[in-house]
Each structure stands twice: as C-alpha cells, then as structure tokens.
J.: 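Before we start, here is the structure in question, set down as structure tokens.
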Amino acid sequence: QMNNASVANVVIDPDCAGFSNRRNDRMLYFRDDELKERWSEDEIQRAIRNVLRLQQDVERSGKTFVFVIAPDKSSVYRRCLLSAAKDQTIPNINRALIAAGINAPDMLETFREKVPATIDLYRPNDTHWSEVGYILAGETVGRYAMNKSGRTR
C-alpha cells in the first residue's frame, strides 16, 4: 500500500504525453525515482565497474551478456512535465554504461522516442509499463540481444 508521501502527482502537458485516464494532465510516479538526482559521480562509476566485471565474468564463460535497465516513468516523461523539474539534469546511467563498453540497449531513449505517439506507454495511475510498454521493451531487448549474439533478424 502506497502512502501519499511516496507518490508524486505532477502536472504534465497532455499534448506531449498521451494517457487515457480522465485526468490526463497529471501523472503519478514513485518519489523514489527522484533518488537518481542525488547519485554522485563516484557512486555511478563504482556501479559501472561492478557491471563491467559481471559482464566480463559472463563472457569468459562463453555467454552473451546483455544488461537491461528498465527506464522509470519520471525519466521517460520528464520533458512533458510542466515544472522546473523538467529542466533538471539527471544522470543518464544507460548512456554511461554503454560508453563504458557494457552491452546495454538504450531503453531510455527508445521509450522517450515513443512517448509523443503512444497512449499509455506506462499505465496512467501506476509506474508499470502498459501492455504496449512491455511489447516495446521485449522488441528492443530482443533486437539488441540478437544483434549482440551475431544473429540477424
């Protein structure tokens, strides 16, 4: 059960973000999503080194490693916010992982690209993907994994 302190209820531009609910000018997400705004560069680099070590261990065993970060709702819809938070710089962990050589599809950018033309990419009153979001995630990871393993589609 969520309490009101754990949920952000923010104003969004309904022309930017398509939600099917009656109050499609507002969006709910967990306040814990905001913790990423306080991550230090040191914490981020330590996490990247840990994932890189994990990737190297998996690849030494002859397996293909793909690290997937499920993008949170507040990051995906950030440009649709009608508040100062929209302009805050948040670390793009996905890009940092990719730049470090970690095999990771850029899920955040893939989801952001779909926001303007997709109704309910995430469920309107929830932080989980909708059916459309799960399909997009599956297709994105599937294409990436197939390309990484040398197979073509």
Side-chain angles (χ1 to χ4, degrees), residues 2-13 15-19 26-118 120-130 132-150:
M2 293 185 291
N3 62 40
N4 288 339
S6 68
V7 177
N9 184 343
V10 296
V11 180
I12 60 168
D13 177 356
D15 293 329
C16 175
F19 288 110
R26 304 206 62 91
M27 182 180 79
L28 300 176
Y29 66 87
F30 286 118
R31 287 223 180 265
D32 282 352
D33 287 353
E34 297 169 356
L35 293 174
K36 66 185 168 290
E37 297 166 15
R38 296 193 301 257
W39 291 343
S40 72
E41 186 59 31
D42 215 29
E43 290 171 313
I44 293 169
Q45 291 307 315
R46 191 170 354 145
I48 288 171
R49 285 191 303 273
N50 289 336
V51 174
L52 200 49
R53 263 194 304 273
L54 179 61
Q55 176 175 297
Q56 291 163 347
D57 288 347
V58 169
E59 289 176 343
R60 269 195 295 275
S61 71
K63 303 290 183 193
T64 300
F65 179 89
V66 177
F67 192 75
V68 179
I69 297 178
D72 64 89
K73 189 176 184 181
S74 67
S75 295
V76 170
Y77 288 96
R78 183 165 291 272
R79 68 177 67 124
C80 299
L81 299 179
L82 294 178
S83 68
K86 157 186 189 168
D87 299 323
Q88 277 182 299
T89 302
I90 57 170
N92 187 325
I93 302 304
N94 218 144
R95 279 202 188 131
L97 290 165
I98 293 167
I102 294 168
N103 298 330
D106 196 341
M107 298 286 284
L108 179 58
E109 286 310 310
T110 300
F111 271 66
R112 282 180 174 166
E113 288 170 7
K114 296 295 183 185
V115 164
T118 307
D120 295 340
L121 189 55
Y122 285 73
R123 293 166 54 189
N125 297 317
D126 195 326
T127 59
H128 293 87
W129 295 325
S130 67
V132 173
Y134 278 106
I135 291 169
L136 177 60
E139 290 172 349
T140 304
V141 172
R143 270 192 310 274
Y144 185 87
M146 288 180 81
N147 289 338
K148 275 311 218 186
S149 68

J.: Could you report the tightest heavy-atom contact between Ile98 and Asp106, atom names first, then the distance?
T.: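 That closest heavy-atom pairing would be CD1-CB, 4.0 Å.
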
J.: Would you mind reporting whether Leu136 and Phe111 have side-chain heavy atoms less than 4.5 Å apart?
T.: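 They are in side-chain contact.
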
J.: If I compare all heavy atoms of Asn103 with all of Gln55, which pair ends up nearest, and what's the gap?
T.: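 Result for this residue pair: N-OE1, 2.7 Å.
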
J.: Which residues pass the salt bridge (charged side-chain N to carboxylate O under 4.0 Å, His left out) test with Arg60, sequence neighbours left out?
T.: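 Partners of Arg60 under the salt bridge (charged side-chain N to carboxylate O under 4.0 Å, His left out) test: Asp57.
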
J.: Under 3.5 Å, is there a donor-acceptor pair between the side chain of Tyr144 and the main chain of Ala104?
T.: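 A pair under 3.5 Å: yes.
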
J.: Flag the pair Arg78 and Glu37 as a salt bridge only when some basic side-chain nitrogen lies within less than 4.0 angstrom of an acidic carboxylate oxygen.
T.: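 Salt bridge present between Arg78 and Glu37.
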
J.: Roughly how far, to the nearest 0.5 Å, is the CG atom of Leu35 from the CZ atom of Arg38?
T.: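 Taking CZ in Arg38 and CG in Leu35, the distance rounds to 5.0 Å.
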
J.: With no hydrogens and no angle check, just 3.5 Å: does a side-chain donor-acceptor pair link Ser74 and Asp72?
T.: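 Per modelled atom types, Ser74 and Asp72 side chains form a pair under 3.5 Å.
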
J.: How long is the gap from OG1 on Thr127 to CG on Leu28, to the nearest 0.5 Å?
T.: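 Between Thr127 OG1 and Leu28 CG, I get 9.5 Å after rounding to 0.5 Å.
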
J.: Any side-chain to backbone donor/acceptor pair from Lys148 onto Thr64? Under 3.5 Å, distance only.
T.: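 Answer holds: no.
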
J.: Does NZ in Lys114 sit with more than 12 non-hydrogen atoms of other residues, nucleotides or ligands closer than 6.0 Å?
T.: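 No, not enclosed.
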
J.: Rounded to the nearest 0.5 Å, how far does OG1 of Thr140 lie from CD1 of Ile135?
T.: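 One gets 11.5 Å once the value is rounded to the nearest 0.5 Å.
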
J.: Does the Thr118 side chain pair with the main chain of Val115, one donor and one acceptor, at a distance under 3.5 Å?
T.: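 No: the side chain of Thr118 does not pair with the backbone of Val115.
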
J.: Can you find a pair of side-chain heavy atoms, one from Val10 and one from Met27, that are under 4.5 Å apart?
T.: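 Yes. Closest side-chain heavy atoms under 4.5 Å.
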
J.: Under the rule for salt bridge (charged side-chain N to carboxylate O under 4.0 Å, His left out), what residues qualify as partners of Asp120, not counting sequence neighbours?
T.: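 Partners of Asp120 under the salt bridge (charged side-chain N to carboxylate O under 4.0 Å, His left out) test: none.
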
J.: If you take all heavy atoms of Met107 and Val141, which pair is closest and at what distance?
T.: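 Here Met107 and Val141 meet closest at SD-CG2, 4.0 Å.
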
J.: Taking only residues two or more places apart in sequence or in another chain, which ones pass side chain to side chain donor-acceptor pair (under 3.5 Å) with Asn92?
T.: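 Partners of Asn92 under the side chain to side chain donor-acceptor pair (under 3.5 Å) test: none.
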
J.: At their closest point, which heavy atom of Ile48 faces which heavy atom of Ala100, and how far apart are they?
T.: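 Smallest interatomic distance, heavy atoms only, reads CG2-CB, 3.4 Å.
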
J.: Rounded to the nearest 0.5 Å, what's the gap from CD1 on Ile93 to CD on Glu43? Could you check?
T.: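 One finds 9.5 Å between CD1 of Ile93 and CD of Glu43.
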
J.: Within this structure, what is the CD1-CG distance for the pair Ile102 and Leu52, rounded to the nearest 0.5 Å?
T.: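 Between Ile102 CD1 and Leu52 CG, I get 5.0 Å after rounding to 0.5 Å.
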
J.: Got Ser75 and Leu108 here, is their nearest side-chain heavy-atom distance under 4.5 Å?
T.: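 Yes. Closest side-chain heavy atoms under 4.5 Å.
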
J.: Who pairs with Glu109 by salt bridge (charged side-chain N to carboxylate O under 4.0 Å, His left out), at least two apart in sequence or on another chain?
T.: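 Glu109 satisfies salt bridge (charged side-chain N to carboxylate O under 4.0 Å, His left out) with Arg95, Arg112 once adjacent residues are dropped.
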
J.: For Asp126, which residues count as a salt bridge (charged side-chain N to carboxylate O under 4.0 Å, His left out) partner, sequence neighbours excluded?
T.: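 Result, salt bridge (charged side-chain N to carboxylate O under 4.0 Å, His left out) vs Asp126: Arg123.
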
J.: Counting C-beta onward and ignoring hydrogens, is there a side-chain heavy-atom pair between Lys73 and Val76 closer than 4.5 Å?
T.: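 In short, these two side chains do not touch, never coming nearer than 4.5 Å.
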
J.: Donor-acceptor check, side chain of Ser130 to backbone of Gly133, threshold 3.5 angstrom: yes or no?
T.: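 Checked: pair present.
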
J.: Counting only heavy atoms not in Asp42, do more than 12 sit closer than 6.0 Å to its CG atom?
T.: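 Atom CG in Asp42 is not crowded, with 12 or fewer foreign heavy atoms closer than 6.0 Å.
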
J.: Do any pairs count as a ring pair (Phe, Tyr, Trp, His ring centres under 6.0 Å) and have a residue in residues 58-80, sequence neighbours left out, and if so which ones?
T.: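 Found Phe19-Tyr77, Tyr77-Tyr122.
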
J.: CG of Asn94 to CD1 of Ile69: how many Å apart, nearest 0.5 Å?
T.: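 Rounded to the nearest 0.5 Å, the CG-CD1 separation comes out at 4.5 Å.
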
